[in-house]
*Asks:* 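Take this structure first; my questions come after.
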2 protein chains.
Amino acid sequence: MTMPPLTASFVLHFGEMGSRWGFNRTIGQVFALLVMSEEALTANDLSDSLGISRGNVSMAVKELQSWQLAKVMHRQGDRKEYYYPAGDIMALAIKVFEQRRKREVDPTLSVVRDILMEQPATPQDEYAQAKVREVHDLLESLSKWADDLQQLNPDSLQTLMKLGTRMGKVLEFKERLFSDAAAIEPESPKT
Amino acid sequence: MTMPPLTASFVLHFGEMGSRWGFNRTIGQVFALLVMSEEALTANDLSDSLGISRGNVSMAVKELQSWQLAKVMHRQGDRKEYYYPAGDIMALAIKVFEQRRKREVDPTLSVVRDILMEQPATPQDEYAQAKVREVHDLLESLSKWADDLQQLNPDSLQTLMKLGTRMGKVLEFKERLFSDAAAIEPESPKT
DNA sequence: TTAAAGTTTCAGAATTTTCTGAAACTTTAA
DNA sequence: TTAAAGTTTCAGAAAATTCTGAAACTTTAA
(Lines give C-alpha, C1' and ligand atoms only; values in the text may rest on other atoms or scores of the structure.)
Protein backbone atom coordinates (compact mmCIF):
# COMPACT_ATOMS: atom_id res chain seq x y z
CA MET A 1 0.00 0.00 0.00
CA THR A 2 1.53 3.28 -1.08
CA MET A 3 0.18 6.73 -0.27
CA PRO A 4 -1.09 9.10 -2.95
CA PRO A 5 1.35 12.03 -3.39
CA LEU A 6 -0.55 14.84 -1.65
CA THR A 7 -1.31 12.62 1.30
CA ALA A 8 2.33 11.65 1.48
CA SER A 9 3.61 15.19 1.71
CA PHE A 10 1.14 16.13 4.40
CA VAL A 11 1.91 13.00 6.38
CA LEU A 12 5.64 13.58 6.16
CA HIS A 13 5.32 17.15 7.28
CA PHE A 14 3.10 16.21 10.16
CA GLY A 15 5.68 13.69 11.22
CA GLU A 16 8.36 16.34 11.29
CA MET A 17 6.15 18.68 13.29
CA GLY A 18 5.17 15.87 15.60
CA SER A 19 7.79 16.59 18.21
CA ARG A 20 6.85 20.26 18.36
CA TRP A 21 3.26 19.29 18.91
CA GLY A 22 4.06 17.05 21.84
CA PHE A 23 4.23 13.66 20.16
CA ASN A 24 6.91 11.89 18.16
CA ARG A 25 7.36 11.47 14.43
CA THR A 26 5.63 8.14 14.14
CA ILE A 27 2.60 9.28 16.09
CA GLY A 28 2.37 12.38 13.96
CA GLN A 29 2.53 10.39 10.75
CA VAL A 30 0.02 7.81 11.85
CA PHE A 31 -2.38 10.51 12.96
CA ALA A 32 -2.06 12.45 9.74
CA LEU A 33 -2.52 9.35 7.64
CA LEU A 34 -5.66 8.36 9.52
CA VAL A 35 -7.09 11.82 8.99
CA MET A 36 -6.26 11.82 5.29
CA SER A 37 -7.74 8.37 4.67
CA GLU A 38 -11.34 7.95 3.74
CA GLU A 39 -11.28 4.36 4.99
CA ALA A 40 -10.25 3.12 8.40
CA LEU A 41 -6.81 1.48 8.31
CA THR A 42 -5.32 -1.61 9.89
CA ALA A 43 -2.06 -1.67 11.76
CA ASN A 44 -0.53 -3.41 8.77
CA ASP A 45 -1.77 -0.72 6.38
CA LEU A 46 -0.09 1.86 8.58
CA SER A 47 3.08 -0.13 8.91
CA ASP A 48 3.31 -0.65 5.14
CA SER A 49 2.34 2.85 4.05
CA LEU A 50 4.67 4.56 6.48
CA GLY A 51 7.48 2.03 6.28
CA ILE A 52 7.72 1.58 10.04
CA SER A 53 7.75 -1.52 12.18
CA ARG A 54 4.65 -3.26 13.34
CA GLY A 55 5.64 -2.72 16.97
CA ASN A 56 6.08 0.96 16.47
CA VAL A 57 2.60 1.22 14.95
CA SER A 58 1.18 -0.59 17.92
CA MET A 59 2.71 1.95 20.33
CA ALA A 60 1.58 4.84 18.18
CA VAL A 61 -2.07 3.84 17.92
CA LYS A 62 -2.12 3.10 21.63
CA GLU A 63 -0.81 6.58 22.30
CA LEU A 64 -3.28 8.15 19.88
CA GLN A 65 -6.11 6.35 21.62
CA SER A 66 -4.90 7.63 24.98
CA TRP A 67 -4.97 11.15 23.50
CA GLN A 68 -8.48 10.29 22.31
CA LEU A 69 -7.49 11.16 18.76
CA ALA A 70 -8.12 7.75 17.22
CA LYS A 71 -10.66 4.97 17.67
CA VAL A 72 -10.88 1.31 16.70
CA MET A 73 -13.59 -0.44 14.75
CA HIS A 74 -14.14 -3.96 13.50
CA ARG A 75 -15.61 -5.24 10.29
CA GLN A 76 -18.06 -8.10 9.86
CA GLY A 77 -16.21 -11.40 9.66
CA ASP A 78 -12.79 -9.82 10.00
CA ARG A 79 -10.68 -10.01 13.09
CA LYS A 80 -8.40 -7.11 12.27
CA GLU A 81 -8.67 -3.81 14.08
CA TYR A 82 -9.36 -0.78 11.93
CA TYR A 83 -8.25 2.63 13.14
CA TYR A 84 -9.86 5.94 12.30
CA PRO A 85 -9.81 9.50 13.61
CA ALA A 86 -12.01 10.27 16.62
CA GLY A 87 -14.06 13.10 15.12
CA ASP A 88 -13.80 15.89 12.61
CA ILE A 89 -10.89 18.29 12.33
CA MET A 90 -12.36 20.75 14.81
CA ALA A 91 -13.06 18.08 17.40
CA LEU A 92 -9.55 16.69 16.98
CA ALA A 93 -7.97 20.10 17.35
CA ILE A 94 -9.90 20.67 20.55
CA LYS A 95 -8.70 17.37 21.91
CA VAL A 96 -5.10 18.15 21.07
CA PHE A 97 -5.41 21.41 22.96
CA GLU A 98 -7.00 19.75 25.91
CA GLN A 99 -4.29 17.13 26.12
CA ARG A 100 -1.51 19.61 25.74
CA ARG A 101 -2.87 21.70 28.54
CA LYS A 102 -3.02 18.61 30.69
CA ARG A 103 0.61 17.86 29.94
CA GLU A 104 2.06 21.34 29.83
CA VAL A 105 0.11 23.45 32.29
CA ASP A 106 -1.35 21.20 34.95
CA PRO A 107 1.95 19.79 36.26
CA THR A 108 3.39 23.28 36.59
CA LEU A 109 0.28 24.52 38.30
CA SER A 110 0.63 21.74 40.82
CA VAL A 111 4.32 22.41 41.54
CA VAL A 112 3.60 26.10 41.80
CA ARG A 113 0.87 25.47 44.35
CA ASP A 114 3.22 23.41 46.46
CA ILE A 115 5.82 26.15 46.38
CA LEU A 116 3.27 28.71 47.52
CA MET A 117 2.50 26.57 50.58
CA GLU A 118 6.13 26.72 51.72
CA GLN A 119 7.50 29.21 54.20
CA PRO A 120 10.09 31.39 52.45
CA ALA A 121 13.49 30.89 54.10
CA THR A 122 15.41 33.88 52.77
CA PRO A 123 14.65 37.32 51.35
CA GLN A 124 15.47 35.94 47.91
CA ASP A 125 12.91 33.24 48.52
CA GLU A 126 10.38 35.88 49.35
CA TYR A 127 11.00 37.59 46.04
CA ALA A 128 10.91 34.24 44.26
CA GLN A 129 7.65 33.35 45.91
CA ALA A 130 6.09 36.60 44.76
CA LYS A 131 7.09 35.76 41.19
CA VAL A 132 5.78 32.24 41.56
CA ARG A 133 2.49 33.71 42.69
CA GLU A 134 2.30 35.77 39.51
CA VAL A 135 2.96 32.65 37.49
CA HIS A 136 0.30 30.84 39.46
CA ASP A 137 -2.33 33.49 38.91
CA LEU A 138 -1.62 33.66 35.21
CA LEU A 139 -1.67 29.91 34.70
CA GLU A 140 -4.82 29.59 36.70
CA SER A 141 -6.76 32.14 34.71
CA LEU A 142 -5.41 30.70 31.48
CA SER A 143 -6.48 27.28 32.57
CA LYS A 144 -9.94 28.45 33.60
CA TRP A 145 -10.32 30.30 30.33
CA ALA A 146 -9.38 27.22 28.38
CA ASP A 147 -11.94 25.27 30.39
CA ASP A 148 -14.59 27.80 29.50
CA LEU A 149 -13.71 27.75 25.84
CA GLN A 150 -13.79 24.00 25.86
CA GLN A 151 -17.31 23.98 27.25
CA LEU A 152 -18.41 25.91 24.19
CA ASN A 153 -19.70 23.91 21.28
CA PRO A 154 -17.49 23.96 18.20
CA ASP A 155 -19.74 26.41 16.36
CA SER A 156 -19.55 28.98 19.15
CA LEU A 157 -15.80 28.58 19.06
CA GLN A 158 -15.77 29.35 15.36
CA THR A 159 -17.93 32.41 15.96
CA LEU A 160 -15.68 33.55 18.76
CA MET A 161 -12.58 33.25 16.63
CA LYS A 162 -14.21 35.15 13.80
CA LEU A 163 -15.15 37.88 16.26
CA GLY A 164 -11.44 38.51 16.75
CA THR A 165 -10.52 42.15 16.65
CA ARG A 166 -13.93 43.56 17.38
CA MET A 167 -13.80 41.87 20.76
CA GLY A 168 -10.57 43.69 21.51
CA LYS A 169 -12.12 47.04 20.61
CA VAL A 170 -14.95 46.54 23.06
CA LEU A 171 -12.58 45.69 25.86
CA GLU A 172 -10.29 48.61 25.25
CA PHE A 173 -13.24 50.96 25.26
CA LYS A 174 -14.42 49.52 28.54
CA GLU A 175 -10.97 50.00 30.08
CA ARG A 176 -10.67 53.53 28.83
CA LEU A 177 -13.90 54.31 30.61
CA PHE A 178 -12.52 52.87 33.83
CA SER A 179 -9.24 54.75 33.76
CA ASP A 180 -11.05 57.99 32.85
CA ALA A 181 -13.24 57.55 35.88
CA ALA A 182 -10.15 57.05 38.02
CA ALA A 183 -8.58 60.22 36.59
CA ILE A 184 -11.66 62.25 37.40
CA GLU A 185 -11.85 61.12 41.00
CA PRO A 186 -8.19 60.66 41.89
CA GLU A 187 -8.73 60.73 45.65
CA SER A 188 -11.51 58.17 45.84
CA PRO A 189 -10.59 55.29 48.19
CA LYS A 190 -9.29 52.11 46.56
CA THR A 191 -11.63 49.18 46.84
CA MET B 1 26.52 30.73 44.31
CA THR B 2 23.77 28.41 45.45
CA MET B 3 20.05 28.92 44.91
CA PRO B 4 17.66 29.44 47.80
CA PRO B 5 15.42 26.36 48.23
CA LEU B 6 12.13 27.62 46.79
CA THR B 7 13.89 29.03 43.78
CA ALA B 8 15.69 25.75 43.30
CA SER B 9 12.53 23.67 43.19
CA PHE B 10 10.85 25.99 40.72
CA VAL B 11 13.94 26.11 38.53
CA LEU B 12 14.28 22.33 38.52
CA HIS B 13 10.65 21.84 37.62
CA PHE B 14 10.84 24.38 34.86
CA GLY B 15 13.83 22.56 33.49
CA GLU B 16 11.88 19.32 33.38
CA MET B 17 8.95 21.02 31.67
CA GLY B 18 11.30 22.76 29.29
CA SER B 19 11.02 20.22 26.52
CA ARG B 20 7.23 20.24 26.65
CA TRP B 21 7.29 24.00 26.31
CA GLY B 22 9.43 23.94 23.22
CA PHE B 23 12.87 24.48 24.68
CA ASN B 24 15.34 22.19 26.40
CA ARG B 25 16.12 21.63 30.04
CA THR B 26 18.97 24.09 30.28
CA ILE B 27 17.03 26.87 28.62
CA GLY B 28 14.10 26.23 30.91
CA GLN B 29 16.30 26.36 33.99
CA VAL B 30 18.14 29.48 32.93
CA PHE B 31 14.89 31.24 32.14
CA ALA B 32 13.29 30.27 35.43
CA LEU B 33 16.34 31.35 37.40
CA LEU B 34 16.44 34.72 35.68
CA VAL B 35 12.77 35.26 36.50
CA MET B 36 13.22 34.24 40.12
CA SER B 37 16.26 36.48 40.67
CA GLU B 38 15.88 40.03 41.83
CA GLU B 39 19.28 40.89 40.37
CA ALA B 40 20.49 40.37 36.83
CA LEU B 41 22.90 37.42 36.60
CA THR B 42 26.14 36.82 34.75
CA ALA B 43 26.83 33.76 32.64
CA ASN B 44 29.08 32.54 35.43
CA ASP B 45 26.36 32.97 38.04
CA LEU B 46 24.10 30.84 35.88
CA SER B 47 26.75 28.25 35.22
CA ASP B 48 27.58 27.95 38.92
CA SER B 49 24.03 28.00 40.25
CA LEU B 50 22.76 25.45 37.79
CA GLY B 51 25.86 23.32 37.64
CA ILE B 52 26.10 23.41 33.87
CA SER B 53 28.96 24.25 31.56
CA ARG B 54 29.85 27.73 30.50
CA GLY B 55 29.31 26.86 26.86
CA ASN B 56 25.86 25.52 27.53
CA VAL B 57 24.92 28.74 29.30
CA SER B 58 26.13 30.70 26.33
CA MET B 59 23.87 28.76 23.98
CA ALA B 60 20.94 29.03 26.36
CA VAL B 61 21.08 32.80 26.81
CA LYS B 62 21.52 33.23 23.10
CA GLU B 63 18.42 31.17 22.52
CA LEU B 64 16.48 33.05 25.19
CA GLN B 65 17.44 36.32 23.56
CA SER B 66 16.24 35.04 20.21
CA TRP B 67 12.93 34.17 21.86
CA GLN B 68 12.99 37.73 23.25
CA LEU B 69 12.65 36.35 26.74
CA ALA B 70 15.91 37.70 28.16
CA LYS B 71 17.96 40.84 27.77
CA VAL B 72 21.51 41.89 28.53
CA MET B 73 22.74 44.82 30.58
CA HIS B 74 26.11 46.13 31.67
CA ARG B 75 27.23 47.67 34.90
CA GLN B 76 29.44 50.70 35.35
CA GLY B 77 33.10 49.70 35.26
CA ASP B 78 32.34 46.02 34.75
CA ARG B 79 32.79 44.20 31.48
CA LYS B 80 30.58 41.25 32.30
CA GLU B 81 27.19 40.82 30.70
CA TYR B 82 24.25 40.64 33.06
CA TYR B 83 21.12 38.82 31.96
CA TYR B 84 17.59 39.54 33.09
CA PRO B 85 14.05 38.70 31.97
CA ALA B 86 12.59 40.81 29.17
CA GLY B 87 9.45 42.05 30.95
CA ASP B 88 6.98 40.98 33.58
CA ILE B 89 5.37 37.56 33.77
CA MET B 90 2.46 38.53 31.53
CA ALA B 91 4.71 39.98 28.86
CA LEU B 92 6.93 36.90 28.97
CA ALA B 93 3.96 34.56 28.67
CA ILE B 94 2.73 36.46 25.65
CA LYS B 95 6.13 36.17 24.02
CA VAL B 96 6.29 32.45 24.66
CA PHE B 97 2.92 32.07 22.96
CA GLU B 98 3.95 34.15 20.03
CA GLN B 99 7.13 32.16 19.52
CA ARG B 100 5.40 28.86 19.84
CA ARG B 101 2.86 29.81 17.27
CA LYS B 102 5.68 30.82 14.98
CA ARG B 103 7.34 27.44 15.42
CA GLU B 104 4.31 25.21 15.63
CA VAL B 105 1.62 26.69 13.42
CA ASP B 106 3.28 28.79 10.74
CA PRO B 107 5.34 26.01 9.14
CA THR B 108 2.28 23.79 8.89
CA LEU B 109 0.21 26.59 7.46
CA SER B 110 2.82 27.07 4.78
CA VAL B 111 2.99 23.37 3.86
CA VAL B 112 -0.77 23.19 3.84
CA ARG B 113 -1.00 26.13 1.45
CA ASP B 114 1.43 24.46 -0.91
CA ILE B 115 -0.61 21.29 -0.88
CA LEU B 116 -3.77 23.20 -1.70
CA MET B 117 -2.08 24.62 -4.80
CA GLU B 118 -1.46 21.13 -6.18
CA GLN B 119 -3.71 19.33 -8.60
CA PRO B 120 -5.09 16.19 -6.92
CA ALA B 121 -3.93 13.11 -8.84
CA THR B 122 -6.26 10.46 -7.47
CA PRO B 123 -9.69 10.28 -5.83
CA GLN B 124 -7.90 9.65 -2.53
CA ASP B 125 -5.93 12.81 -3.12
CA GLU B 126 -9.16 14.67 -3.61
CA TYR B 127 -10.43 13.47 -0.27
CA ALA B 128 -7.09 14.27 1.33
CA GLN B 129 -7.11 17.74 -0.14
CA ALA B 130 -10.56 18.40 1.29
CA LYS B 131 -9.26 17.45 4.71
CA VAL B 132 -6.19 19.58 4.26
CA ARG B 133 -8.47 22.48 3.44
CA GLU B 134 -10.30 22.00 6.73
CA VAL B 135 -6.97 22.00 8.53
CA HIS B 136 -5.98 25.12 6.66
CA ASP B 137 -9.14 27.00 7.53
CA LEU B 138 -8.88 26.07 11.17
CA LEU B 139 -5.22 27.00 11.47
CA GLU B 140 -5.80 30.24 9.68
CA SER B 141 -8.61 31.40 11.92
CA LEU B 142 -6.67 30.27 14.96
CA SER B 143 -3.68 32.19 13.77
CA LYS B 144 -5.71 35.31 13.05
CA TRP B 145 -7.36 35.06 16.42
CA ALA B 146 -4.02 34.78 18.14
CA ASP B 147 -2.89 37.85 16.20
CA ASP B 148 -5.90 39.78 17.40
CA LEU B 149 -5.38 38.72 20.98
CA GLN B 150 -1.75 39.71 20.76
CA GLN B 151 -2.68 43.20 19.62
CA LEU B 152 -4.59 43.63 22.86
CA ASN B 153 -2.73 45.21 25.74
CA PRO B 154 -2.03 42.89 28.67
CA ASP B 155 -4.80 44.39 30.80
CA SER B 156 -7.44 43.74 28.15
CA LEU B 157 -6.18 40.19 27.97
CA GLN B 158 -6.63 39.78 31.69
CA THR B 159 -10.15 41.17 31.44
CA LEU B 160 -10.94 38.88 28.55
CA MET B 161 -9.76 35.82 30.43
CA LYS B 162 -11.76 36.81 33.49
CA LEU B 163 -14.81 37.20 31.28
CA GLY B 164 -14.54 33.51 30.56
CA THR B 165 -17.86 31.70 30.85
CA ARG B 166 -20.06 34.71 30.40
CA MET B 167 -18.63 35.18 26.93
CA GLY B 168 -19.73 31.68 26.05
CA LYS B 169 -23.25 32.34 27.29
CA VAL B 170 -23.57 35.36 25.05
CA LEU B 171 -22.44 33.43 22.01
CA GLU B 172 -24.72 30.50 22.65
CA PHE B 173 -27.63 32.84 23.01
CA LYS B 174 -26.77 34.51 19.75
CA GLU B 175 -26.60 31.16 17.99
CA ARG B 176 -29.85 29.97 19.46
CA LEU B 177 -31.49 33.05 17.97
CA PHE B 178 -30.08 32.23 14.58
CA SER B 179 -31.20 28.61 14.52
CA ASP B 180 -34.66 29.58 15.86
CA ALA B 181 -35.01 32.04 13.03
CA ALA B 182 -34.08 29.31 10.57
CA ALA B 183 -36.65 26.96 12.09
CA ILE B 184 -39.41 29.56 11.83
CA GLU B 185 -38.73 30.37 8.20
CA PRO B 186 -37.59 27.03 6.82
CA GLU B 187 -38.19 27.95 3.21
CA SER B 188 -36.42 31.27 3.16
CA PRO B 189 -33.64 31.34 0.55
CA LYS B 190 -30.10 30.72 1.81
CA THR B 191 -27.83 33.74 1.63
C1' DT C 1 -7.31 -28.69 21.77
C1' DT C 2 -4.94 -26.65 18.18
C1' DA C 3 -3.39 -23.48 14.99
C1' DA C 4 -4.08 -19.45 12.52
C1' DA C 5 -4.49 -14.58 12.63
C1' DG C 6 -3.80 -11.11 14.92
C1' DT C 7 -1.79 -7.72 18.83
C1' DT C 8 1.50 -6.27 22.42
C1' DT C 9 5.74 -6.02 24.79
C1' DC C 10 10.27 -4.92 25.56
C1' DA C 11 15.51 -5.47 25.29
C1' DG C 12 18.70 -3.57 22.86
C1' DA C 13 20.03 -0.96 18.40
C1' DA C 14 19.76 3.29 16.00
C1' DT C 15 19.03 7.93 16.01
C1' DT C 16 18.57 12.41 17.80
C1' DT C 17 19.30 15.79 21.13
C1' DT C 18 21.82 17.94 24.55
C1' DC C 19 26.01 19.07 27.00
C1' DT C 20 30.92 19.64 27.89
C1' DG C 21 35.19 21.79 27.69
C1' DA C 22 39.06 23.26 25.22
C1' DA C 23 40.29 26.38 21.67
C1' DA C 24 39.26 30.43 19.14
C1' DC C 25 37.62 34.73 19.27
C1' DT C 26 36.55 39.71 21.07
C1' DT C 27 36.98 43.71 23.77
C1' DT C 28 39.08 46.77 26.83
C1' DA C 29 42.55 49.14 29.03
C1' DA C 30 47.21 49.81 30.35
C1' DT D 1 51.08 45.86 21.49
C1' DT D 2 49.92 42.88 25.05
C1' DA D 3 47.42 40.51 28.34
C1' DA D 4 43.50 40.09 31.08
C1' DA D 5 38.69 39.30 31.27
C1' DG D 6 35.37 37.92 29.14
C1' DT D 7 32.27 35.37 25.28
C1' DT D 8 31.39 32.04 21.55
C1' DT D 9 31.98 28.02 18.89
C1' DC D 10 31.93 23.40 17.87
C1' DA D 11 33.72 18.45 17.73
C1' DG D 12 32.87 14.79 20.06
C1' DA D 13 30.94 12.56 24.55
C1' DA D 14 26.89 11.64 27.13
C1' DA D 15 22.15 11.20 27.64
C1' DA D 16 17.60 10.71 26.08
C1' DT D 17 14.41 9.25 22.85
C1' DT D 18 12.66 6.50 19.33
C1' DC D 19 12.41 2.31 16.63
C1' DT D 20 12.92 -2.52 15.44
C1' DG D 21 11.87 -7.19 15.45
C1' DA D 22 11.51 -11.42 17.72
C1' DA D 23 9.05 -13.57 21.34
C1' DA D 24 5.06 -13.66 24.18
C1' DC D 25 0.49 -13.12 24.39
C1' DT D 26 -4.71 -13.16 22.96
C1' DT D 27 -8.66 -14.36 20.44
C1' DT D 28 -11.32 -16.95 17.36
C1' DA D 29 -12.94 -20.75 15.01
C1' DA D 30 -12.59 -25.36 13.37
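Naming: A, B, ... by sequence-line order, numbering from 1 per chain. Computed over heavy atoms, backbone and side chain alike; hydrogens, waters and symmetry mates excluded.
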*Asks:* Tell me which of A:Q65 and A:R79 sits closer to the 5' end of DNA chain C, going by the nucleotide each one is nearest to.
*Replies:* A:R79
*Asks:* Any strand counts, and the cut-off is 3.5 Å on both contacts for Watson-Crick or G-U wobble. Which nucleotide pairs with C:dA13?
*Replies:* D:dT18
*Asks:* In whole angstroms, how far is the C1' atom of D:dA4 from the NZ atom of B:K80?
*Replies:* 13 Å
*Asks:* Specify whether B:F31 and B:F23 have parallel, tilted or perpendicular ring planes, treating 30° as the upper limit for parallel and 60° as the lower limit for perpendicular.
*Replies:* perpendicular
*Asks:* Do B:D45 and B:T42 have side-chain N/O donor and acceptor atoms under 3.5 Å apart?
*Replies:* yes
*Asks:* Specify the residue among B:N44 and B:N56 whose closest nucleotide of DNA chain D lies further upstream toward the 5′ end.
*Replies:* B:N44
*Asks:* Using both distances under 3.5 Å as the test, list the Watson-Crick or G-U wobble partner of D:dA23, or none.
*Replies:* C:dT8
*Asks:* Take A:Y127 and A:Q129, measure what side-chain hydrogen bond (donor to acceptor under 3.5 Å, both in side chains) needs, and give me the verdict at the end.
*Replies:* CA-CA 5 Å; A:Y127 180 86; A:Q129 215 177 36; over 6 Å; no
*Asks:* Please report, rounded to the nearest Å, how far the C1' atom of D:dT7 is from the CG atom of B:L64.
*Replies:* 16 Å
*Asks:* Could you state the atom-to-atom distance from CG of B:D48 to P of D:dG6 in whole Å?
*Replies:* 12 Å
*Asks:* May I have the distance from B:F23 (atom CZ) to C:dT17 (atom P), rounded to whole angstrom?
*Replies:* 17 Å
*Asks:* What's the closest nucleotide to the B:E81 side chain, out of D:dT20, C:dT7, D:dT7?
*Replies:* D:dT7
*Asks:* Which base sits across from D:dA30 as a Watson-Crick or G-U pair, both distances under 3.5 Å?
*Replies:* C:dT1
*Asks:* Using only side-chain N and O atoms of B:K62, determine if any of them is under 4.0 Å from OP1 or OP2 of D:dT9.
*Replies:* yes
*Asks:* Could you walk me through whether A:S19 and A:R25 satisfy the side-chain hydrogen bond (donor to acceptor under 3.5 Å, both in side chains) test, starting with their C-alpha distance in whole Å, then the side-chain angles of each, then the deciding distance to 0.1 Å, before giving a yes or no?
*Replies:* CA-CA 6 Å; A:S19 56; A:R25 178 167 65 239; over 6 Å; no
*Asks:* Does B:R54 make a side-chain N or O approach to OP1 or OP2 of D:dT7 shorter than 4.0 Å?
*Replies:* yes
*Asks:* Could you state the atom-to-atom distance from CE of B:M73 to P of D:dG6 in whole Å?
*Replies:* 15 Å
*Asks:* Does D:dC19 have OP1 or OP2 sitting under 4.0 Å from an N or O in the side chain of A:N24?
*Replies:* yes
*Asks:* What do the steps show when you test B:E134 against B:H136 for side-chain contact (heavy atoms from CB on, under 4.5 Å), and what is the final call?
*Replies:* CA-CA 5 Å; B:E134 285 186 58; B:H136 171 267; over 6 Å; no
*Asks:* Could you state the atom-to-atom distance from CG of B:L46 to C1' of C:dC19 in whole Å?
*Replies:* 16 Å
*Asks:* Given that A:S19 and A:S58 both sit by DNA chain C, which one's nearest nucleotide is further toward the 5' end?
*Replies:* A:S58
*Asks:* Tell me the interatomic distance from A:M59, atom CE, to C:dA11, atom P, rounded to whole angstroms.
*Replies:* 11 Å
*Asks:* Does B:R25 place a side-chain N or O at less than 4.0 Å from the phosphate oxygens OP1/OP2 of C:dC19?
*Replies:* yes
*Asks:* Students often get this wrong, so: under 4.0 angstrom with heavy atoms, is B:T26 touching a base, only sugar-phosphate, or nothing?
*Replies:* sugar-phosphate
*Asks:* In whole angstrom, what separates B:D45's CG from D:dT7's P?
*Replies:* 10 Å
